> 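Dropping the structure in here first, questions after.
Side-chain atoms are counted along with the backbone in the values below, which use heavy atoms only and exclude waters and symmetry mates. So that the names make sense, note that chain A is the first sequence line, chain B the second, and so on, each numbered from 1. Note that the structure is predicted; figures quoted are calculated from it, not measured.
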Amino acid sequence: MPLHLHPDRFFPVDPTMRSIARELFAGVEALPIVSPHGHTDPQWFADNAPFEDATSLFLWPDHYLLRMLYSQGVSLEALGLSPQGGKAETDRRAIWRLFARLYHLFRGTPSRLWLDHAFATVFGLDVRLEEATADRYYDVIAEALATEAFRPRALFRRFNIEVLATTEGALDPLAHHARLQKDWNGRVITTFRPDDVIDADKPDFARNVEELGRLTGENARTWHGYLKALENRRAFFRAHGATATDHGHATAATADLSRAECQLLFDRVLAGKDGAADAELFRAQMLTEMARMAADDGMTMQIHPGSFRNHNKELFAKFGPNIGADIPVRVDYTRALKPLLDRFGNRADLTIILFTLDETNYARELAPLAGHYPCLKLGPAWWFHDSPEGMLRFRRQVTETAGFANTVGFNDDTRAFFSIPARHDLARRIDAAYLAELVATHRLERDEAHELIGELAYSLPKAAYRL
Amino acid sequence: MPLHLHPDRFFPVDPTMRSIARELFAGVEALPIVSPHGHTDPQWFADNAPFEDATSLFLWPDHYLLRMLYSQGVSLEALGLSPQGGKAETDRRAIWRLFARLYHLFRGTPSRLWLDHAFATVFGLDVRLEEATADRYYDVIAEALATEAFRPRALFRRFNIEVLATTEGALDPLAHHARLQKDWNGRVITTFRPDDVIDADKPDFARNVEELGRLTGENARTWHGYLKALENRRAFFRAHGATATDHGHATAATADLSRAECQLLFDRVLAGKDGAADAELFRAQMLTEMARMAADDGMTMQIHPGSFRNHNKELFAKFGPNIGADIPVRVDYTRALKPLLDRFGNRADLTIILFTLDETNYARELAPLAGHYPCLKLGPAWWFHDSPEGMLRFRRQVTETAGFANTVGFNDDTRAFFSIPARHDLARRIDAAYLAELVATHRLERDEAHELIGELAYSLPKAAYRL
Amino acid sequence: MPLHLHPDRFFPVDPTMRSIARELFAGVEALPIVSPHGHTDPQWFADNAPFEDATSLFLWPDHYLLRMLYSQGVSLEALGLSPQGGKAETDRRAIWRLFARLYHLFRGTPSRLWLDHAFATVFGLDVRLEEATADRYYDVIAEALATEAFRPRALFRRFNIEVLATTEGALDPLAHHARLQKDWNGRVITTFRPDDVIDADKPDFARNVEELGRLTGENARTWHGYLKALENRRAFFRAHGATATDHGHATAATADLSRAECQLLFDRVLAGKDGAADAELFRAQMLTEMARMAADDGMTMQIHPGSFRNHNKELFAKFGPNIGADIPVRVDYTRALKPLLDRFGNRADLTIILFTLDETNYARELAPLAGHYPCLKLGPAWWFHDSPEGMLRFRRQVTETAGFANTVGFNDDTRAFFSIPARHDLARRIDAAYLAELVATHRLERDEAHELIGELAYSLPKAAYRL
C-alpha cells in the first residue's frame with residue numbers, strides 16, 4: 001500500500017474550517033523548531049557518529065512502541081531487549097520484521113503518525129510499513145544512515161532546529177554539552193533535573209547527596225550546605241546552556257517548613273529512616289526551595305507530576321526503567337501548590353510551568369491557577385496526551401479560562417530524534433485546526449488567529465523558557 | 001480593526017447544522033430574559049443613578065478581567081484597586097488605556113465575547129478595543145452613560161429582562177429591594193444566601209449568629225432558636241421576592257444528625273472551638289436543615305460547592321475577596337448528598353439545584369443523581385465553565401442520562417449588568433448549536449428541538465425557580 | 001408525528017465524513033450479533049413462551065426508563081411496581097398511556113433511540129409514541145406478541161444473534177441453560193457472577209457460602225475448601241457454556257495476601273464480624289483469586305467497579321434493587337490493580353476486561369494500563385456511557401494510547417431483549433462515525449478503517465471472550 005502524507009492532515013474536515021486551518025498553518029510551517037524540553041542524547045551531537053539501523057533507531061528507545069507491542073503479548077526479549085542476566089533476540093532485521101508485521105497495532109495512535117512522517121519525509125519511503133515492506137524499509141534506512149547527510153548534526157540543520165534542550169540529572173558532568181559548546185554552533189542545551197538528589201525515594205539518594213557534596217565542595221550533609229550545593233549545581237548547568245529545571249515528582253505537593261523543621265527532615269531522609277510520608281514531605285519542601293532558587297537565578301521551573309513509575313514489578317526487576325510501564329495516577333494542584341504559591345505565587349519574574357497526566361485538572365484547577373498567578377504557566381498536553389485528540393482537549397479545556405498567553409507552546413519531550421519534526425508538524429496543525437474552529441464560529445478574528453499561531457509555534461516557548 | 005458581531009456566531013460551521021441552529025435560535029432570540037441567579041447590585045435599580053465610566057463599570061467588578069490581567073504581571077494597584085492602607089492608580093482613563101492595550105489577552109475567552117457584545121449592541125461601537133481605540137471607547141461610553149437611556153432601570157427594560165434575582169446575605173436589611181417593591185414595577189428579587197450565618201469558618205460567624213438572633217427576636221444561641229431565626233429570615237426574604245436560597249460551601253457534604261448531636265455541635269462551633277472537621281460537619285448538617293425548611297416553605301435551594309475561596313494569601317490580605325483568586329477543587333456528590341437525600345430525596349415538591357466546578361461529576365454523578373431523585377435538578381455550566389466549550393461539555397455529558405427536564409436553563413450568575421444580554425445570547429446560541437447537532441445526526445426531530453429550545457431559554461428556569 | 005429511522009442516523013453531518021461512515025457501516029450492518037455480556041433471562045429462550053404486553057416488556061425491566069420517570073415525580077406504584085406490602089397500578093394499558101404521555105422526557109437520551117428502533121424495526125410502527133398513539137402502540141405490540149414470529153427463539157434468529165451471554169449468580173442451578181443445551185441450537189450461554197459468595201457485604205453472604213459448600217461437596221468454611229468450591233462452580237458454569245466471569249465490586253481494589261492472612265480474613269468475614277475494611281479487603285483478595293483461577297481455567301474475567309448500589313434508601317426498602325437508584329462514584333485503577341497485576345499482569349494467556357463508570361480513567365489510567373499489560377483489555381463504554389456521546393468519548397480518549405486491539409468491541413449489557421439489535425446498530429454506527437473522522441482527517445487509511453470496523457463489530461469480542 002502507498003504511504004502518502006496528505007497536505008491537509010489533521011485539519012478539520014469542514015471545507016470552511018479546513019481552508020482557514022490551511023492558511024494559518026502555512027504561516028508557521030517553515031518556522032524553526034524550538035524544542036525547550038526533551039530527552040534526546042547529547043552524545044549524538046557531540047560525537048556526530050552515524051546512527052546504526054532502523055531497529056536501534058526507531059524501536060528500542062521508544063517506550064510507546066515497546067508498551068503497545070508488549071501489551072499484545074510480544075516479549076521484550078523478542079524485541080531485542082536483554083533482561084538482567086538473560087538473553088534477547090540479536091538479529092535486528094528479524095526484530096524489524098516482527099515490528100513491521102505488527103505495525104497495524106498503532107492504527108489510531110500518534111506513534112503511527114510520527115513514524116510515517118519520519119519514514120516519508122526523512123527517508124523518502126512511499127510504501128506503508130508492513131510485513132511485505134519490512135526489508136525494503138530496513139535497507140533504505142540503513143543505506144541512508146550510512147551517509148553524511150544523516151549524521152546527527154546534519155539532521156539537526158535539516159530539521160530546522162533552532163534550539164534543542166536535553167535533560168540531565170544533577171550529577172551529570174555535562175561533558176557532551178561542554179564539547180558541543182566548544183566545537184559546534186548548533187544550540188543544544190541541557191536542563192537541570194535534580195530528582196536523584198531531592199527525591200529520597202530514589203534508591204541511591206544518600207549516595208547521590210554525598211556525590212553532590214563532592215562535586216560542589218559543599219558539606220551537603222547539612223541542610224545549609226545541601227542547598228548551597230544545589231545552587232552551585234544549577235549555576236554549573238546554566239554555564240552549559242540550561243535555562244530551565246525539571247521536576248518529575250509523584251505528586252504536585254509543596255511545603256514551606258521552617259528552617260529548623262527542614263534540617264530535621266533532611267537528617268531523617270538522609271539517614272534513610274524516612275517513611276513514605278517523610279519522603280513526600282521532603283519532595284514537597286524541595287519544590288518550594290527550587291522555586292526560591294529559580295526566583296533568584298532566573299531559571300524556568302517545570303513540574304511534571306503524577307506518573308506511577310515502573311508499575312510493572314516483574315519487568316522493572318528484569319529490564320529496569322523506561323520500558324513503558326509508567327502509569328498515570330490522579331493528582332491535584334489547587335491545594336498541593338498553595339504552600340509554594342503563598343511564598344512565590346505573586347512573582348511575575350518567576351516562571352513555573354505545570355504539566356499534567358490527569359486531564360481532569362485542565363479546566364478545574366490548572367487553567368484557573370495559571371489564569372491568576374503571575375508565576376504560573378501551563379505546559380502543553382503531555383505524554384499520553386501529546387496526540388491530536390489530547391492536544392484539542394487541552395486547548396478546549398484551558399483556553400477559555402487561561403487564554404493563550406498563560407500557555408507556553410509545544411514541547412516534543414522525546415527521546416526519538418527523528419520524530420521531532422513530525423511532532424512539531426502535528427502540534428502546529430492541531431493548533432491551526434483549533435484556531436480555525438474559533439475563527440469559523442466567530443469567536444476570534446482571522447488576523448488574531450494569524451498572530452496567535454505564530455506565538456504558539458515560536459514566541460511563547462522562547463519567552464517562557466527564556467531562550 | 002472593525003468590530004462586528006456575526007449573526008451566525010457560536011453556531012456549528014457545517015451548513016446543515018448551521019441552518020438548523022439559526023432557525024432554532026430565531027425562535028427564542030426575542031424571548032425575555034429570566035435571570036434567576038446572579039450578583040448584580042440592587043442599589044443600581046433602587047437609586048437608578050447613572051453608571052460612572054468604562055473603568056468602574058466594566059473592569060473593576062469583573063473578577064474574570066482582574067485575574068487574567070494579574071496573571072500577566074499587571075498589579076491590581078495599576079488597575080485602580082486600592083490595597084489595605086495603600087495607594088492605587090486613580091486616573092480611570094489611564095487604567096482603561098492599559099486594559100485596552102492588553103485586551104488581546106482575552107482572545108479565546110468568553111470575557112471577550114461578552115464585552116464585545118456589550119460594546120457593539122449597547123454602545124454601538126464598531127471598532128475593536130485596542131490601544132488605538134481606547135480613548136474613543138472611553139468617550140463613547142462616558143457620553144452614553146450620562147444619558148437617561150443608560151440609567152439602570154431604562155437598561156433593564158432595554159435588555160428585556162423579565163425578572164432579575166440578586167443575592168444577599170442572611171443579615172442584609174434588603175432596603176433596596178423594599179424600595180424597589182414600592183416604587184418600580186421592574187421585577188428585581190433577592191435570593192437568601194445564609195453562608196455567613198451557617199458556615200462556622202467565616203471569621204465573624206458567632207457575631208453573625210448573634211445579629212441573626214437580634215434581627216429575628218429569637219434566642220439564636222440555642223439550636224432550636226437558631227433554626228427558628230433562620231426560618232424567620234427566610235420568610236423575610238420571601239417577602240422581598242425571594243423564591244430561592246443559595247449555598248456556597250466548600251464541599252457538597254450533608255449530614256443528618258440527631259437533635260442532641262446538633263445541639264452539641266452548634267454549641268461547639270458557636271464557642272469558636274470548632275476545628276475544621278466540626279465546621280465541615282456543621283455546614284453538612286445545615287444543608288439538610290435548609291432542605292427541610294425548603295420542603296416546608298417552598299423555596300428552591302441552590303448548592304454551589306467546590307471553590308477554594310481566596311487562594312492567594314497575599315492578595316486576600318491586601319485586597320480582600322473577589323479579586324479573582326478563587327480556585328476550584330475536586331468534589332463529590334454521590335456520597336456527600338446521601339444523608340440529605342435519605343431524608344428529602346424523594347420529595348417531588350422540593351427543588352434542589354446542583355452546580356459544579358468539577359466537570360468530572362457531570363456524567364459520573366450529577367446526571368445519574370438528577371436523573372433519579374425527584375428533588376434534584378442540575379444547574380447550568382457554572383463560572384469558569386460558563387463558556388461555549390463549557391456549555392457544550394455540560395449538555396453532552398448530562399443530557400444522555402438526565403434528559404432536558406432535569407436541567408433548569410441558564411443562569412448568568414454575574415455582577416456585570418451589561419453582560420447579561422450577552423450571556424443569555426451566548427447560552428441560547430450554544431443550546432441551538434447543541435440541538436442542531438442532535439437534529440442533524442437524527443437523534444432528535446426538528447419539531448422537538450423547537451420545543452426544547454423554548455424550554456431551555458424560558459420555561460425551565462421559570463419552573464425550577466418558581467418565578 | 002411520523003416515526004422514521006433515518007438511514008444516516010448517528011453518522012457525522014459533514015458530507016465527506018458521512019459518506020465514509022456510510023460505506024464503513026455498510027460493511028458490518030449485516031454481521032451477526034455477538035453479545036458476550038448481558039442480563040437477559042435465559043428462561044425466555046428455555047420456555048419460548050410469548051411475551052405479554054408493551055408495559056411488562058418495555059417498561060418494567062428497564063431501569064433507565066424507571067429512573068427518568070421517577071425523577072420527574074412519577075411514583076413507581078403508578079408505573080405498576082408493587083412496593084413491599086403495598087399496592088400498585090395494575091392496568092397495564094393505563095400505565096402504557098402514562099409512559100407514552102411522558103415519552104418526551106427521553107429526548108436526547110439513548111433510551112429513546114433504542115426504543116424507537118425496536119418500535120420501527122421489530123413492530124413496524126410508523127408514528128411516534130405519544131399520548132395520542134399510546135393505544136395504537138399497545139394494540140400493535142399486543143397483537144404481534146401473540147404470534148409465533150414474536151416468540152423469544154424466533155426473535156433470536158430474526159435479530160441475527162450468533163451468541164448471547166446471560167449472567168447468573170454462583171449458586172444458580174442453570175436449569176434453563178441445561179434445557180437450552182438439550183433442546184435448542186441457539187447459542188445462549190451463561191456467565192459466572194460470584195458476587196453473592198465473595199462479597200461479604202451482601203446480606204446473605206455466610207448463608208450463600210454455606211450453600212456453595214453444599215452444592216459442591218466442599219467444606220467451604222475453610223479457605224482451602226472455599227477456593228475449591230469456587231473452582232468447582234466455575235467448572236459447572238463452563239459446562240453450561242460460560243467462557244467468562246463478571247465482578248461488580250464497589251471498587252477495583254485488589255490484594256495479594258499470604259495464605260495465612262487469607263484464612264484469618266476469611267474467618268472474620270464469615271463470622272460476620274467484618275467491618276467495611278475487612279469486606280473491602282476480602283473483595284480485593286478475591287479478585288486476585290479469581291484471576292488465578294482464570295489463568296488456570298481459561299475463563300475471561302470482567303471487572304465492573306464503581307457503582308454505589310441502591311443509593312435511594314427509601315426506594316430500596318420498598319422496592320428492592322434494580323429500580324434505577326444505582327449511582328456511580330469515583331474509582332481508581334492504577335494503584336488498585338497493582339497487587340493483582342504484580343502476580344498475573346504479564347500473563348498473555350489471561351484476559352481481564354476492565355470497565356468503568358468514571359470516565360476520568362479512560363485516558364489517565366485505563367488506556368495506559370491496557371496499552372501495557374498483556375492480560376488487560378478495555379470493555380466498551382458502560383451503562384450511563386453506552387450512548388452516542390459516551391461511546392465517542394471512550395474511543396477518543398482510549399484509542400490514542402491503547403489502540404484498537406486492546407479493546408473488545410461492544411457489549412449490550414442489557415435486560416431489554418428487544419433493544420439488542422438497536423444497541424448493536426447504534427454501536428456500529430458510532431464506530432463508523434469515529435473511524436470516518438480518522439480517515440477524513442488523514443489519521444487512518446480507508447482500507448484500514450474497513451478492516452477495523454469488522455474487528456470492532458465482530459472479531460474482537462469473539463476473541464476476547466473466547467467465543
> Where on Ala402(C) is there a heavy atom nearer than 4.5 Å to chain A: the side chain, the backbone, both, or neither?
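Backbone only.
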> Is any side-chain heavy atom of His311(A) closer than 4.5 Å to a side-chain heavy atom of His372(C)?
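No, every pair of side-chain atoms sits at 4.5 Å or beyond.
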> Side chain, backbone, both or neither: which part of Thr360(A) has an atom under 4.5 Å from a heavy atom of chain C?
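The side chain, not the backbone.
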> Among Ala348(C), Gly345(C), Ala363(C), Cys375(C), which residue has the highest count of heavy-atom pairs closer than 4.5 Å to chain A?
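If we count pairs closer than 4.5 Å to chain A, Ala363(C) comes out on top.
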> Where does Asp447(C) contact chain A at under 4.5 Å (heavy atoms): side chain, backbone, both or neither?
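Answer is side chain: those atoms of Asp447(C) sit under 4.5 Å from chain A.
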> Mind checking the CZ-CG spacing from Phe316(A) to Asp342(C)? Nearest 0.5 Å is all I need.
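It is 12.5 Å, given to the nearest 0.5 Å.
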> Among Leu438(C), Leu452(C), Leu376(C), which has the most heavy-atom pairs under 4.5 Å with chain A?
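Most heavy-atom pairs under 4.5 Å with chain A: Leu452(C).
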> How close do Gly108(A) and Phe404(C) get, heavy atom to heavy atom, and via which atoms?
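It is CA-CE1, 4.3 Å.
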> Tell me which pairs pass ring-ring contact (aromatic ring centres under 6.0 Å, His included) where either residue lies in residues 432-467 of chain C, with sequence neighbours left out.
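Pairs touching residues 432-467 of chain C that pass the test: His6(A)-His442(C).
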> Taking all heavy atoms of Glu445(C) and all of His4(A), pick out the closest pair and write down the distance.
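Residues Glu445(C) and His4(A), closest heavy atoms: OE2-O, 4.5 Å.
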> Taking only Lys NZ, Arg NE, NH1 and NH2, and the carboxylate oxygens of Asp or Glu, determine whether Asp14(C) and Arg18(A) approach each other closer than 4.0 Å.
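Judged by the 4.0 Å cut-off on N to carboxylate O distance, Asp14(C) and Arg18(A) do not form a salt bridge.
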> If you count heavy-atom pairs under 4.5 Å between each of Glu451(C), Glu448(C), Glu365(C), Arg396(C) and chain A, which one has the most?
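Ranked by contacts with chain A, first place is Glu448(C).
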> Would you mind reporting whether Gln397(C) and Arg393(A) have side-chain heavy atoms less than 4.5 Å apart?
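The answer is yes, as the side chains (C-beta and beyond) meet within the 4.5 Å cut-off.
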> If you tally heavy-atom pairs under 4.5 Å against chain C, which of Thr109(A), Asp358(A), Leu357(A), Asn312(A) wins?
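Among the listed options, the one with the most contacts to chain C is Asn312(A).
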> Among Leu444(C), Asn406(C), Leu435(C), which has the most heavy-atom pairs under 4.5 Å with chain A?
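Of the options given, most contacts go to Asn406(C).
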> Is Ala370(C) close to chain A through its backbone or its side chain, or both, or neither, when contacts mean heavy atoms under 4.5 Å?
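Contact with chain A involves the backbone of Ala370(C) alone.
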> Where on Leu341(C) is there a heavy atom nearer than 4.5 Å to chain A: the side chain, the backbone, both, or neither?
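Just the side chain, heavy atoms under 4.5 Å.
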> Nearest 0.5 Å please: distance from the CZ atom of Arg9(A) over to the OG1 atom of Thr441(C).
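These two atoms lie 12.0 Å from each other.
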> Work out which heavy atom in Ile327(A) is nearest to a heavy atom in Pro368(C); give both atom names and the distance.
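Nearest heavy atoms, Ile327(A) then Pro368(C): CD1-O, 3.7 Å.
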> For each of Glu359(A), Arg107(A), Lys313(A), tally heavy-atom pairs with chain C at distances under 4.5 Å, and name the one with the top tally.
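Most heavy-atom pairs within the cutoff with chain C belong to Arg107(A).
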> Between Met17(C), Lys377(C), Glu437(C), Glu400(C), which residue shows the highest count of heavy-atom pairs closer than 4.5 Å to chain A?
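Top option by heavy-atom pairs under 4.5 Å: Glu400(C).
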> Please determine whether side chain to side chain contact (heavy atoms under 4.5 Å, CB included) holds for the pair Glu389(A) and Thr399(C), giving the CA-CA distance in whole Å, both sets of side-chain angles, and the decisive distance to 0.1 Å.
CA-CA 10 Å; Glu389(A) 299 291 341; Thr399(C) 309; over 6 Å; no
> Report, in residue-number order, which members of residues 329-338 of chain C are under 4.5 Å from chain A by heavy-atom distance.
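Counting heavy atoms that sit under 4.5 Å from chain A, the residues of residues 329-338 of chain C involved are Arg330(C), Asp332(C), Thr334(C), Arg335(C), Lys338(C).
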> Could you tell me which of Phe11(A), Tyr64(A), Phe308(A) has the largest number of non-hydrogen atom pairs under 4.5 Å with chain C?
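Highest number of heavy-atom pairs under 4.5 Å: Phe308(A).
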> Under 4.5 Å from any heavy atom of chain C, what part of His104(A) do you find: side chain, backbone, both or neither?
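When you check distances to chain C, no heavy atom of His104(A) falls under 4.5 Å.
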> For each of Asn346(C), Thr16(C), Val13(C), tally heavy-atom pairs with chain A at distances under 4.5 Å, and name the one with the top tally.
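Counting heavy-atom pairs under 4.5 Å, the top option is Asn346(C).
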> Taking all heavy atoms of Pro388(A) and all of Arg443(C), pick out the closest pair and write down the distance.
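For Pro388(A) and Arg443(C), the tightest heavy-atom pair comes out as CB-NH1, 3.6 Å.
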